[in-house]
Amino acid sequence: MIKKISVGIMVGTLLLSSQTMYARGLDSIRIGLESVYKDVSIVRLESDANFDFGYIKNNDFVKIGELPTKSLMLRETANSYYYNEYEVYTRFDRAEEVAKEEDGVVAYIAPNEYYVYYKEETGYTVPVNASDMYIELLNENSQVIGVANYEDDAIVFQGSSKSHDFPVTSVGSNNYRGVIEVVNGQTRGLTAVSVVDMQDYLYGVVPYEMSPSWNIEALKAQAVTARSIANFQANRYLSRGYNLVDTTYSQVYKGIERESANSNMAVDATNGEVVTYNGQIAEALYFSTSGGYTDSPEYVWGNQVGYLQPVEDIYELNPYAAPWTREITFAEIKQALASRGENIGDILRVNINARSEAGRVYELEIVGEDGIYTLNNEATRTFFSSTSGGSLQSQMYSFTPYLEHNFQRSLINIEDDNEEIFVLSASGKEEANPFELYAIGASSNKAQSLDEDLIFVEGELSRIILENDSDNSDSSSSSSENEFAPNNEKPQYESVNSDFTIYGKGWGHGVGMSQSGAKDMADLGYTYDEILHFYFTDIKIEK
């Protein structure tokens with residue numbers, strides 16, 4: 001009996017599952033440092049000077065005191081036992097004096113609420129239940145120097161750096177602005193949390209998501225999209241004790257190591273600005289390289305979003321990620337199915353059953369001797385994660401090589417009065433006479449006038465596209481630079497019946513702003529707000 005299985009996996013990013021309620025955006029944010037310390041028994045912090053500790057009030061760090069160590073370990077107290085006299089101290093310094101006199105340690109419970117705990121029982125003490133304990137603070141010699149609550153009014157820690165004029169705390173191999181806190185892990189142990197101002201957070205995101213050497217206008221666009229995503233997703237990980245995580249499941253955030261004057265300038269120049277749609281902060285998604293077309297989230301995560309519409313990415317002239325290939329064997333596919341608990345027998349063939357108008361595969365069918373396994377949307381690329389090469393770089397792929405086109409393409413802005421035409425290129429903006437424009441085909445040295453062949457494309461960014469194909473005898477091959485364009489001749493159904501090669505374009509989910517295209521637009525002279533309006537539909541840039 002043939003069985004049919006259909007699956008659409010949401011792996012990696014998003015999408016649009018948690019609309020933030022913050023109308024004006026967050027001033028500070030909590031980032032779970034899951035790539036550094038997640039569900040662990042000990043979190044290690046380093047500083048160039050003794051640690052300050054305190055708590056957060058109205059988004060500000062309130063210092064309580066100083067810990068006599070530059071190397072701090074935070075440890076679970078599940079197996080520790082203490083005794084106390086049940087005397088409450090309202091001042092930390094007074095509790096610290098008593099602890100030193102009586103060989104105890106200060107227990108921070110809340111602001112203005114401290115105890116002194118002892119390891120040995122006396123006639124005046126009572127045992128403290130381990131479940132009432134929170135974390136132990138240990139110095140570089142593994143000696144307990146304090147005990148603290150890390151739930152309500154949680155204790156936070158702030159280090160310093162000789163190289164910077166702002167507080168810096170080392171967590172693992174990374175250095176972070178702001179303060180560090182720990183929370184209960186998802187399943188056990190402790191997870192480190194960076195509590196930081198939104199601007200400081202973006203200083204640590206933008207240069208990891210986009211090269212800080214790129215054009216400042218592209219970096220500004222990146223800063224606005226990153227700020228928008230941080231606010232939009234602010235509720236996503238609240239059940240874990242923080243707003244976002246430090247990986248691509250939110251945005252890559254690794255602290256200060258890649259901060260640069262250029263990327264920080266982009267963050268500061270757009271301070272508070274977010275992408276909005278219908279009065280709400282939008283999830284302004286971005287990715288590396290489109291391959292010629294962005295796409296609707298309908299074909300990636302299964303839902304439509306008004307401001308995330310497909311765009312012909314005509315400005316992505318120098319793709320950051322080059323076209324790619326992958327060799328796939330039927331044995332790998334069978335193993336990938338087995339890792340999911342599926343067995344459809346020996347693989348007979350693999351079919352591409354459906355593409356979006358932008359060219360991304362959104363239905364992939366695996367036919368076996370004993371069944372059919374169907375993949376939909378993003379699963380058509382993430383299914384391959386268990387193969388030797390991992391997930392495919394994008395959903396824009398084919399079983400046959402791309403057609404090669406030999407034509408030149410220029411982008412020309414039209415001024416509002418339609419009388420002046422300017423040619424934009426990497427060398428700058430130059431005025432041109434529309435009646436003196438020529439193109440030279442790749443197969444001929446003869447210049448041809450294009451006054452009858454100009455293609456005007458209407459839109460918010462008025463432009464003319466000049467195309468000249470080297471082989472005019474084949475009209476289908478010159479219809480578009482991108483073979484996956486809506487009117488392309490490539491069949492929607494492709495099939496292979498043995499080990500095969502995948503030919504792909506682009507890198508990432510393909511929804512929203514192409515970072516590669518943003519760079520090229522900026523290099524052509526476009527501003528960050530023009531870039532954002534090109535990639536996102538009917539949006540505003542607001543503070």
Side-chain angles (χ1 to χ4, degrees), residues 1-13 15 248 287-289 291-293 295-303 321-403 482-484 488-511:
M1 179 179 179
I2 299 293
K3 60 179 180 179
K4 291 189 176 182
I5 307 154
S6 181
V7 59
I9 305 173
M10 292 182 68
V11 175
T13 63
L15 179 75
T248 54
F287 58 94
S288 171
T289 308
Y293 278 83
D295 220 322
S296 165
E298 176 184 4
Y299 302 108
V300 183
W301 300 289
N303 55 323
W324 48 272
T325 60
R326 275 283 301 280
E327 306 295 327
I328 302 291
T329 68
F330 275 15
E332 285 182 305
I333 290 177
K334 188 173 182 178
Q335 181 57 44
L337 287 169
S339 69
R340 291 162 173 74
E342 301 293 342
N343 181 7
I344 59 174
D346 289 339
I347 308 303
L348 301 179
R349 64 183 177 276
V350 178
N351 303 322
I352 294 176
N353 282 353
R355 294 184 186 278
S356 67
E357 288 188 350
R360 283 174 178 78
V361 176
Y362 70 89
E363 183 176 310
L364 188 69
E365 182 180 74
I366 302 170
V367 180
E369 289 182 331
D370 302 321
I372 297 174
Y373 192 83
T374 303
L375 297 155
N376 299 107
N377 301 330
E378 192 181 34
T380 59
R381 77 177 178 111
T382 59
F383 170 80
F384 299 94
S385 60
S386 62
T387 64
S388 57
S391 292
L392 304 181
Q393 286 184 202
S394 77
Q395 288 174 237
M396 186 175 283
Y397 61 84
S398 175
F399 296 154
T400 57
Y402 298 128
L403 298 174
N482 188 308
E483 297 76 40
F484 291 138
N488 68 67
E489 299 296 326
K490 185 176 288 295
Q492 293 296 297
Y493 183 96
E494 297 178 44
S495 182
V496 289
N497 54 18
S498 62
D499 298 347
F500 59 100
T501 301
I502 291 179
Y503 300 86
K505 282 186 176 182
W507 186 4
H509 50 67
V511 177

Participant: To the closest 0.5 Å, what do you measure between CZ (Arg355) and CG (Leu364)?
Facilitator: 10.0 Å

Participant: Is the shortest side-chain heavy-atom distance between Pro401 and Tyr503 below 4.5 Å?
Facilitator: yes

Participant: Start with the C-alpha distance between Ser388 and Glu332, add both sets of side-chain angles, then the distance that settles side chain to side chain donor-acceptor pair (under 3.5 Å), and finish with yes or no.
Facilitator: CA-CA 8 Å; Ser388 57; Glu332 285 182 305; 3.0 Å; yes

Participant: Does either side chain, that of Arg360 or that of Thr380, offer a donor lying less than 3.5 Å from an acceptor on the other one?
Facilitator: no

Participant: Between atom CG of Asn303 and atom CD of Glu298, what is the distance when rounded to the nearest 0.5 Å?
Facilitator: 8.5 Å

Participant: Could you go step by step and tell me if Asp499 and Ile328 meet the side-chain contact (heavy atoms from CB on, under 4.5 Å) rule?
Facilitator: CA-CA 6 Å; Asp499 298 347; Ile328 302 291; over 6 Å; no

Participant: As an exercise, state the distance from CD of Glu378 to NE2 of His509, rounded to the nearest 0.5 Å.
Facilitator: 8.0 Å

Participant: Roughly how far apart are Glu357 CD and Asp295 CG, rounded to 0.5 Å?
Facilitator: 9.0 Å

Participant: Output yes when Arg349 and Glu494 qualify as a salt bridge under the 4.0 Å nitrogen-oxygen rule, no when they do not.
Facilitator: no

Participant: Any idea which heavy atoms bring Leu348 and Phe330 closest together, and the distance?
Facilitator: O-CE2, 3.6 Å

Participant: Using the six-membered ring wherever Trp is involved, compare the ring planes of Tyr373 and Phe383 and label them parallel, tilted or perpendicular (cut-offs 30° and 60°).
Facilitator: tilted

Participant: Within the structure provided, determine whether Ile344 and Leu337 are in side-chain contact (heavy-atom separation under 4.5 Å).
Facilitator: yes

Participant: If you define the side chain from C-beta out and look only at heavy atoms, does anything of Ile372 sit under 4.5 Å from Glu365?
Facilitator: yes

Participant: Less than 4.5 Å apart, any side-chain heavy atom of Phe399 and any of Ile352?
Facilitator: yes

Participant: Which value, rounded to the nearest 0.5 Å, describes the distance between Asn351 atom CG and Thr374 atom OG1?
Facilitator: 9.0 Å

Participant: Find the distance between OG (Ser495) and CG (Asn353) and round it off to the nearest 0.5 Å.
Facilitator: 8.5 Å

